[in-house]
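Working notes, beginning with the structure itself.
Basis for what follows: all heavy atoms, side chains included, without hydrogens, waters or symmetry-related copies.
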Amino acid sequence: MSKFSALDFSTGSVYKHLINLAVPMTAAMIVQVCYSLVDRIYLGHLSDTSNMALTGLGLSFPLISIVMAFTSLFSTGATPLFSMYRGRQDPKTAQKIIDSTYAMILFFAAGLMLVFYTGFKPIIYLFGGSDLSYPYAKDYLLIYLLGTPLVMLSSGLSGFINAQGFPKVAMLSVMTGAVINIILDPIFIFYLDLKIQGAAIASVISQAVSAFMVIRFLTGKKSLFKLKINRLKPDFKLCRQIVGLGVTGFTMQGTNGIVQIACNVTLRAHGGDIYIGIMTVLMSVRDVIFLPMHGLTDAAKPIIAFNYGAGLLSRIKQSICFTAISATSYLFICWLIIFLNPEIIFTLFNADINTITLGVPALHIYFFGFFMMALHATGQTAFVGLGKAKPAVFFALFRKVLIVVPLTIILPEIGNLGVKGVFMAEPISNWISGICCFGMMLYTVKILFKEHRRHHLTTTEKE
């Protein structure tokens with residue numbers, strides 16, 4: 001067996017492949033969120049300034065979402081495409097995909113930093129900042145944005161490590177950086193008394209470590225496909241394919257920023273800066289709980305893509321069914337835990353009694369029935385794995401741009417709902433988009449399978 005074909009998702013148990021990829025990927029994601037999660041927990045317990053520190057951090061989310069959107073543009077487009085060419089036994093094109101992705105990440109990281117630093121202040125005010133909260137957002141972001149190329153390289157290229165069958169290596173790179181962040185945070189924030197600036201410094205150092213470990217592996221002996229400086233010239237035909245397929249991930253991440261901006265602006269108008277801090281906590285809880293589900297769906301993408309490239313339909317069906325059932329069951333259990341223990345969960349992020357009193361009812365509304373997101377995520381995963389970029393992009397826009405953002409703006413004006421209307425937009429969108437996206441995915445898969453069987457019968461008759 002060749003080195004290229006040794007890691008083969010077309011043989012063995014589909015469920016075992018999913019679990020073997022999902023467990024380390026989930027662990028890596030959980031630790032990766034610690035970059036920002038630990039910041040939020042520590043800043044939420046600063047004496048006197050905890051509320052404004054959380055609000056300033058919340059204002060930084062749209063900018064961070066934009067960075068992650070461009071990272072996803074390349075990683076979520078390149079990794080499934082890379083797996084498809086592996087399934088077709090075409091290592092030369094698979095290598096070109098890695099090289100092109102590396103080049104695009106470096107180019108766009110430099111461009112994003114130029115744009116953000118040039119128009120920093122008006123951007124923060126556009127995102128819902130006020131004279132009171134702006135200094136906190138400024139202190140954090142002016143430092144944090146220095147790590148833009150680092151976080152894009154570590155997050156954008158680690159998918160190639162997973163797709164080659166080395167998820168533990170990718171997990172270790174993320175975990176090492178996150179552990180360093182956890183250690184450095186209290187030192188910079190409290191001991192050196194740098195507060196929100198200290199949190200940003202710790203994050204940049206941690207991102208540098210993770211990026212170094214990812215690049216070191218991909219340029220080392222163990223990697224089946226290696227990064228080399230002399231191959232940084234992108235293949236523009238492949239770049240178009242990567243971007244075309246990656247628009248889904250870009251849209252999902254980018255629309256997160258649009259939703260956050262709409263929430264920040266509306267919450268400040270109807271409830272003040274304190275509610276931006278509350279939304280920061282809710283999004284923090286959501287990010288942590290979603291991680292195992294994202295680990296599972298991210299693990300399913302290369303497996304679906306590989307078997308689609310190999311023409312193995314039954315294994316695609318197994319992957320989709322396992323992902324849908326596991327993700328929905330998991331989120332349903334999490335929803336029950338949140339519903340029964342809201343005060344304990346909220347207290348982890350903020351010790352202010354007033355914030356907790358206002359935040360608990362918001363938490364109940366925001367997370368109502370959010371297990372429906374599992375159906376939406378499974379649908380998106382199947383679309384991306386099968387190379388169906390258009391429906392994947394549509395449903396990303398459908399949920400956030402066509403449902404969440406309009407409802408966030410409109411609901412507060414209906415029946416004096418105020419800030420409650422902002423928190424209601426999320427559960428309404430989860431139910432509508434979950435049903436629609438999953439249903440359309442099932443229909444698409446059914447048609448795709450019929451076409452494949454018809455093509456197979458025609459080929460057999462000719463032979």
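Rounded to the nearest 0.5 angstrom, Phe395 CZ and Phe383 CZ are separated by 5.5 Å. Here CG of Leu157 is found 8.5 Å from CD1 of Ile98. Values are rounded to the nearest 0.5 Å. Remark: Ile201 CD1 to Leu184 CG distance equals 10.0 Å, nearest 0.5 Å. Between the CD1 atom in Ile105 and the OG atom in Ser100 there is a gap of 11.0 Å [rounded to 0.5 Å]. Between the CZ atom in Phe394 and the CG atom in Leu402 there is a gap of 6.5 Å [rounded to 0.5 Å]. Once rounded to the nearest 0.5 Å, the distance linking CG of Asn307 with CD of Gln318 reads 9.0 Å.
Nearest heavy atom pair, residue Ser173 against residue Val214, reads OG-CG2, 3.5 Å. When all heavy atoms are compared, the tightest approach of Phe82 to Ala94 is CD1-O, 3.5 Å. Shortest non-hydrogen contact noted between Ser203 and Tyr140 is OG-OH, 4.1 Å. Heavy atoms only, all atoms of each residue included: Ile304 and Ala382 are closest at CD1-CA, 4.2 Å. Contact detail for Gln380 and Cys437: the closest heavy-atom pair is N-SG, 3.9 Å. Shortest non-hydrogen contact noted between Ile123 and Val115 is CD1-O, 4.3 Å.
Side chains of Tyr117 and Met113 form a contact here, defined as non-hydrogen atoms less than 4.5 Å apart. Two residues are said to be in side-chain contact when any heavy atoms from C-beta on lie closer than 4.5 Å; Leu126 and Ile261 fail this criterion. The shortest side-chain heavy-atom distance between Pro234 and Phe236 falls under the 4.5 Å cut-off. A heavy-atom distance below 4.5 Å is found between the side chains of Leu267 and Met279. The side-chain heavy atoms of Phe367 and Val285, taken from C-beta on, include a pair separated by under 4.5 Å. Taking 4.5 Å as the limit, some side-chain heavy atom of Gln241 sits within range of a side-chain heavy atom of Lys237. A 4.5 Å side-chain heavy-atom check between Ser154 and Gln207 finds every atom pair outside the cut-off. No side-chain heavy atom of Leu81 sits less than 4.5 Å from a side-chain heavy atom of Thr93.
Between the side chain of Tyr330 and the backbone N or O of Ile289, at least one donor-acceptor pair lies under 3.5 Å. No donor-acceptor distance shorter than 3.5 angstrom exists from the side chain of Ser223 to the backbone of Thr219, with no hydrogens or angles considered.
Under a cut-off of 6.0 angstrom, the local environment of CZ in Phe368 is sparse, with at most 12 non-hydrogen atoms contributed by other residues, nucleotides or ligands.
Scored by the side-chain contact (heavy atoms from CB on, under 4.5 Å) test, Tyr443 finds Met440, Ile447 as partners (sequence neighbours excluded).
Side-chain contact check for Gln260 and Asn264: no donor-acceptor pair (N or O, by modelled atom type) lies under 3.5 Å.
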Met372 and Ile435: CA distance, side-chain angles, deciding distance, side chain to side chain contact (heavy atoms under 4.5 Å, CB included) verdict: CA-CA 8 Å; Met372 293 298 293; Ile435 294 171; 3.6 Å; yes
Evaluation steps, side chain to side chain contact (heavy atoms under 4.5 Å, CB included), between Met104 and Leu73: CA-CA 10 Å; Met104 286 192 291; Leu73 176 65; over 6 Å; no
Steps toward side chain to side chain contact (heavy atoms under 4.5 Å, CB included) verdict (Ile124, Leu63): CA-CA 9 Å; Ile124 294 301; Leu63 277 177; 4.1 Å; yes
Stepwise side chain to side chain contact (heavy atoms under 4.5 Å, CB included) test for Val445 and Lys317: CA-CA 9 Å; Val445 169; Lys317 184 178 179 180; over 6 Å; no
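Close placement of the Phe250 and Phe70 rings is indicated, their centers lying within 6.0 Å of each other. Taking the six-membered ring for Trp and the full ring otherwise, the centers of Tyr102 and Phe74 sit at least 6.0 Å from each other.
Here the options are Phe371, Phe339, Phe370, the test is ring pair (Phe, Tyr, Trp, His ring centres under 6.0 Å), and the partner is Phe332; only Phe371 passes. Checking each of Ile409, Thr408, Leu282 against Cys263 for a side chain to side chain contact (heavy atoms under 4.5 Å, CB included) leaves exactly one that passes, namely Thr408.
A salt bridge is defined here as a Lys NZ or Arg NE, NH1 or NH2 lying under 4.0 Å from an Asp or Glu carboxylate O, and Arg399 with Glu426 meets this definition.
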